[in-house]
2 protein chains.
Amino acid sequence: MRWEELDRQPCSLARSLSIVGDRWTLLVLRECFLRVRRFEEFEQRLGIARHVLADRLKKLTDAGVLEKVPYRERPRREEYRLTEKGLDLYPVMLSLLDWGDKWMAEPEGPPVLRRHKACGHVAHAVHTCSECGEVLGARDMTVEIGPGAKGGELPPAATAKGNPSK
Amino acid sequence: MRWEELDRQPCSLARSLSIVGDRWTLLVLRECFLRVRRFEEFEQRLGIARHVLADRLKKLTDAGVLEKVPYRERPRREEYRLTEKGLDLYPVMLSLLDWGDKWMAEPEGPPVLRRHKACGHVAHAVHTCSECGEVLGARDMTVEIGPGAKGGELPPAATAKGNPSK
DNA sequence: TCACGTCAGTTCCGTTTTAGAACCAATGGA
DNA sequence: TCCATTGGTTCTAAAACGGAACTGACGTGA
């Protein structure tokens, strides 16, 4: 499979990865969530090659994840800001952060703690069902064909074994 | 920054990405969650080059995300299964899936629906605070230095503006 | 006015990574 | 013996990446 075909696959994971599934994009977005907005600042903080950065920012802008907002005229300068679509990637960042905290940290603990403003506790994210509120684990959901399936069918492995809970 | 340095950065996101942050790994893991376990099956379903697949499976096994389990002796054959560490990536998959459903789907809707076994509803994941249970949005948490920080400090952008809520 | 600095890129070149295809090795079966 | 199955490895060419230099529009200070 070629990389350019990914955004046309009938799979939301593949389509998401067509935007954030490369080496640098999520690190660029991490900086965005930390309120970094300017080209130079991305470059200095990430140590990314400039043309790769230019390419990622353009792709993210084209995809509607970032938008260019002018912050000075003469000379015209623009900064990159998260759109609503971009802000919506927060759960993805949070999931990766929590997984890294749990499985990739030093013995002493994670390098950065996140504190929930509302309740004041150091916290991580728990995934719950949007309908009943229960915690969602790895085998708590089944898959079925959706309206955008385009005459496709579910991958055999998803159905062959009845997708049993583990 | 070189790619091999990523797993030593004092950032859980960077460390997570050192494992799942490339073009193919999350697609391989998608298949794992769909109970695909054999080399040939991964190859056929993904259309991935065989040596790239071999490389990714080895890296995931070395990282403890997958394990090789023998399923036949003479000739010895092994299949790849998710470990606990691997199963713990489910929230990451779910976040990407939900984001793709919301922002990348066709007008008709997403290609695949997920139904919560326990309550029977088609559902998506909601991120909630592990301590107080409230829903977590993009600007609901502050960051602070953690025990594994190694004398580092928070990135300036995270503190410079007091990390205000938006 | 003229050198210098800032910001946001673009261009060039050499190294890595990837895609696609062919090849290899252990074993079992006809 | 020849073929099929499974799980890879090796080869070549194309694409992506890292690092450094260059460009261009403008401001500043001497």
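Proteins come first, then strands; the chains are lettered A, B, ... in the order of their sequence lines, and each starts at number 1. If you're wondering where the values come from, they're calculated on a predicted model, not measured in any experiment.
If you chain together ILVMFWY residues whose side-chain heavy atoms come under 4.5 Å of each other, B:V69 ends up in a group of its own.
For the pair A:R81 and A:E79, the salt-bridge criterion is met [side-chain N within less than 4.0 Å of a carboxylate O]. A:E106 and B:R15 are joined by a salt bridge, as a carboxylate oxygen and a charged side-chain nitrogen come within less than 4.0 angstrom of each other. Using a cut-off of 4.0 Å between Lys/Arg side-chain N and Asp/Glu carboxylate O, B:D88 and A:K102 are scored as salt-bridged.
For B:H121, the side-chain contact (heavy atoms from CB on, under 4.5 Å) partners at least two apart in sequence or on another chain are A:E131, B:C119. With sequence neighbours left out, the side-chain contact (heavy atoms from CB on, under 4.5 Å) criterion links A:P107 to no other residue. Under the side-chain contact (heavy atoms from CB on, under 4.5 Å) criterion, A:S16 pairs with B:L96, B:W99, not counting sequence neighbours.
If you measure from atom CD of A:E40 to atom C1' of C:dT10, you get 14 Å, rounded to the nearest angstrom. Between A:F39 atom CZ and C:dT6 atom C1' the separation is 13 Å, expressed in whole Å. Per the geometry, CD belonging to A:E43 stands 10 Å off C1' belonging to C:dA8, to the nearest Å. Between the CG atom of A:L6 and the P atom of C:dA19 there is a distance of 11 Å, given to the nearest Å. Atoms CG (A:L46) and P (C:dG9) sit 15 Å apart, rounded to a whole Å.
Comparing A:E79 and B:V52, the nucleotide of DNA chain C nearest to each residue sits closer to the 5' end for A:E79.
Residue A:C32 holds its SG atom at 11.0 Å from CG of A:L27, rounded to the nearest 0.5 Å. Here B:L60 contributes atom CG and B:K85 contributes atom NZ; the two are 10.0 Å apart, rounded to the nearest 0.5 Å.
For B:H51, the side-chain atoms get nearest to C:dG20 when compared with the rest of C:dA8, C:dG20, C:dT10.
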Expected string for nucleotides 22-30 of chain C under the B/S/- scheme (protein heavy atoms, under 4.0 Å, primed atoms plus P, OP1, OP2 as sugar-phosphate) is B----SS--

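Contact of the A:M141 side chain with the A:L136 side chain is registered, since non-hydrogen atoms from C-beta on lie closer than 4.5 Å.
Within the structure, the ring pair (Phe, Tyr, Trp, His ring centres under 6.0 Å) test picks out the following pairs touching residues 64-93 of chain B (sequence neighbours left out): B:F33-B:Y90. Applying the ring pair (Phe, Tyr, Trp, His ring centres under 6.0 Å) test to residues at least two apart or on different chains, none of the pairs has a partner in residues 36-68 of chain A. Within the structure, salt bridge (charged side-chain N to carboxylate O under 4.0 Å, His left out) contacts touching residues 3-13 of chain B (residues at least two apart or in different chains) do not occur.
For the contact set between residues 53-71 of chain A and DNA chain D, defined by any heavy atom under 4.0 Å, the members are A:R56. Heavy-atom distances under 4.0 Å link DNA chain C to no residue of residues 7-22 of chain A.
Hydrophobic cluster membership differs between A:V135 and B:L87, with clusters built from Ile, Leu, Val, Met, Phe, Trp and Tyr side chains linked at under 4.5 angstrom.
Residue contacts shown for B:F42 are absent, as no nucleic acid heavy atom lies under 4.0 Å away. In this structure, A:E78 reaches the sugar-phosphate backbone alone: every heavy-atom distance under 4.0 Å involves primed, P, OP1 or OP2 atoms, never a base. The residue A:W24 sits close only to the backbone: its heavy atoms come under 4.0 Å of sugar-phosphate atoms, none of a base.
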When you look at B:E78 and B:R37, which way does the salt bridge (charged side-chain N to carboxylate O under 4.0 Å, His left out) test go after all the steps?
-> CA-CA 9 Å; B:E78 298 175 302; B:R37 290 173 181 161; over 6 Å; no

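In 5' to 3' order, the nucleotides of DNA chain D bounding all contacts with chain A (an atom under 4.0 Å from a heavy atom) are D:dC17 to D:dG27.
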Please list each protein N or O that sits under 3.5 Å from an N or O in nucleotides 1-5 of chain C, with the distance.
none

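If you check the side chains of A:S95 and A:D98, you find no donor sitting under 3.5 Å from an acceptor.
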